[in-house]
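Values below: all heavy atoms of this structure, side chains included; hydrogens, waters and symmetry mates excluded.
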Amino acid sequence: RINTHLYVQYRKGEATFKTTSLSTLRVCRDYLNSVMTAKGKKAAVTFNVNEKSVPYVISLLDERLQYSSSLTNRVFVMDALKEVVQQENTSDFLPHIYADALNEETKLRAELAAAPSLLAELRQVVVDLFLDFNKLKGVNVSARLPDLRDLLQNFEAKAVTEFLMS
């Protein structure tokens, strides 16, 4: 989904997992714990959290989040723009991005229809990264989720990364 990698090395009684995404690491840890619990066994699970993975994953998402957000916004205002243009009998007053959006309305609507929940899914990846990063550190950040969701409405990679790391 976001082009991260998982490296697994194992031998009898030991496994090492390395990944560029903390969310992947958290899923592996939870899965191993559930398997071991179901078998009535215990496993010592230790991990090192590399904080550089947070900005790395955000950088992987940045372009897609920017584009998806822009596409959603352009389609969202399309009907209002068409009405204003109809009343004014011209689109000369529109900013370039909206005039282009009107000219490409069919294409933009089709593109959004092809992946209607992409923006929500990408935002959820960021939310999961935030939760997983802090869960692996033993910190409960659920009270900060509304602030993160507000920040994601106007995604800016630097601001989101700073929020996640704070």
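With a 6.0 Å radius and a threshold of 12 heavy atoms from other residues, nucleotides or ligands, Asn154 has its CG atom at or below the threshold. Within 6.0 Å of CD on Gln153 lie more than 12 heavy atoms contributed by other residues, nucleotides or ligands.
The backbone N or O of Thr4 lies less than 3.5 Å from no partner atom in the side chain of Thr20, so there is not a single donor-acceptor pair.
How far CD of Gln124 is from OG of Ser117: 11.5 Å, rounded to the nearest 0.5 Å. Taking CD from Glu111 and CZ from Arg74, the interatomic distance works out to 7.5 Å, rounded to the nearest 0.5 Å. Rounding to the nearest 0.5 Å places CG of Leu61 at 11.0 Å from CG of Asn3. With rounding to the nearest 0.5 Å, the separation of CD in Glu121 from CZ in Arg64 is 9.0 Å. Distance check: Phe155 CZ to Ser68 OG gives 11.5 Å after rounding to the nearest 0.5 Å.
For His96, the side-chain hydrogen bond (donor to acceptor under 3.5 Å, both in side chains) partners at least two apart in sequence or on another chain are Asp100. Applying the side chain to side chain contact (heavy atoms under 4.5 Å, CB included) criterion to Val141, with sequence neighbours excluded, gives Phe130, Leu131, Asn134, Val139. For Met36, the side chain to side chain contact (heavy atoms under 4.5 Å, CB included) test picks out Lys41, Ala43, with sequence neighbours left out. Residues that satisfy the salt bridge (charged side-chain N to carboxylate O under 4.0 Å, His left out) test with Asp62, not counting sequence neighbours, are absent from this structure. Looking at residues two or more places apart in sequence or on another chain, you find a salt bridge (charged side-chain N to carboxylate O under 4.0 Å, His left out) between Glu105 and Lys82, Arg109. In terms of the side chain to side chain contact (heavy atoms under 4.5 Å, CB included) criterion, residue partners of Leu151 (sequence neighbours excluded) are, by chain and number, Ala159, Val160, Phe163. In this structure Arg26 satisfies the salt bridge (charged side-chain N to carboxylate O under 4.0 Å, His left out) test together with Asp30, Asp132, sequence neighbours excluded. For the side chain to side chain contact (heavy atoms under 4.5 Å, CB included) test, residues two or more places apart in sequence or in another chain that qualify with Ala15 are Tyr10, Phe17.
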For a side-chain contact (heavy atoms from CB on, under 4.5 Å) check, start with the C-alpha distance between Leu119 and Arg123, then their side-chain angles and the critical distance, and finish with the verdict. CA-CA 6 Å; Leu119 181 58; Arg123 287 176 175 161; 3.5 Å; yes
Test side-chain contact (heavy atoms from CB on, under 4.5 Å) on Leu152 and Leu122; report intermediate values, then the result. CA-CA 10 Å; Leu152 290 174; Leu122 291 170; over 6 Å; no
Please assess Leu22 against Val57 for the test side-chain contact (heavy atoms from CB on, under 4.5 Å), listing each intermediate value before the final yes or no. CA-CA 9 Å; Leu22 293 173; Val57 171; over 6 Å; no
Full working for side-chain contact (heavy atoms from CB on, under 4.5 Å) between Arg29 and Lys135: CA-CA 11 Å; Arg29 184 200 67 180; Lys135 185 176 183 180; 3.6 Å; yes
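Sorted pairs that involve residues 155-166 and meet salt bridge (Lys or Arg N to Asp or Glu O under 4.0 Å), not counting sequence neighbours, are lacking altogether. Counting only residues at least two apart or on different chains, the salt bridge (Lys or Arg N to Asp or Glu O under 4.0 Å) pairs with a member in residues 11-22 are Arg11-Glu14.
Phe76 shares a hydrophobic cluster with Tyr67, Leu71, Val75, Val77, Met78, Leu81, Val84, Val85, Phe93, Leu94, Ile97, Tyr98, Leu102, Leu108, Leu112; the chain of contacts runs through ILVMFWY side chains whose heavy atoms sit under 4.5 Å apart. Residue Val27 is found outside any hydrophobic cluster, as its side-chain heavy atoms come under 4.5 Å of no other Ile, Leu, Val, Met, Phe, Trp or Tyr.
Side-chain contact between Val125 and Leu65: absent, with no pair of heavy atoms (C-beta onward) separated by less than 4.5 Å.
Val49 and Val8 fall within a single hydrophobic cluster, where Ile, Leu, Val, Met, Phe, Trp and Tyr side chains are chained together by heavy-atom contacts under 4.5 Å.
Pro55 and Thr161 make their closest contact through CB-CG2, 3.8 Å (heavy atoms, listed as atom of the first residue, atom of the second, distance). A pairwise comparison of heavy atoms in Ser142 and Pro146 identifies O-CD, 4.0 Å as the closest pair.
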